[in-house]
Amino acid sequence: MGDVGTVHVQCPDCGTPVPMTLQARGMTSQHNVLQLAVEADYTDLWAHSWTHDDP
């Protein structure tokens with residue numbers, strides 16, 4: 001599947017909103033119900049965390 005959207009999460013250290021892409025990884029359909037598995041891509045959040053100095 002592919003990207004389904006972007007959300008912004010707040011960095012717990014500095015409060016900066018960081019974009020996080022959501023991706024659909026799978027889809028099933030049973031009894032007229034569609035179920036999607038959505039996972040977050042943490043790449044940008046990890047990259048942002050490296051900009052902070054170590055304590």
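All residue numbers in this chain count up from 1 along the given sequence. Owing to the predicted nature of the structure, the values given are computational and were not obtained by experimental measurement.
The shortest distance between side-chain heavy atoms of Q10 and P17 does not fall below 4.5 Å.
Residues passing the side chain to side chain contact (heavy atoms under 4.5 Å, CB included) test with A40, sequence neighbours excluded: M20, L22, Y42. Scanning for side chain to side chain contact (heavy atoms under 4.5 Å, CB included) contacts around Q35 gives T28, V33, with sequence neighbours left out. Residues satisfying the side chain to side chain contact (heavy atoms under 4.5 Å, CB included) test with T21, not counting sequence neighbours, are D3, T6, Q23, D41.
Across H48 and C14, no two heavy atoms sit closer than the pair NE2-SG, 3.4 Å. When all heavy atoms are compared, the tightest approach of P19 to D44 is O-CB, 3.5 Å.
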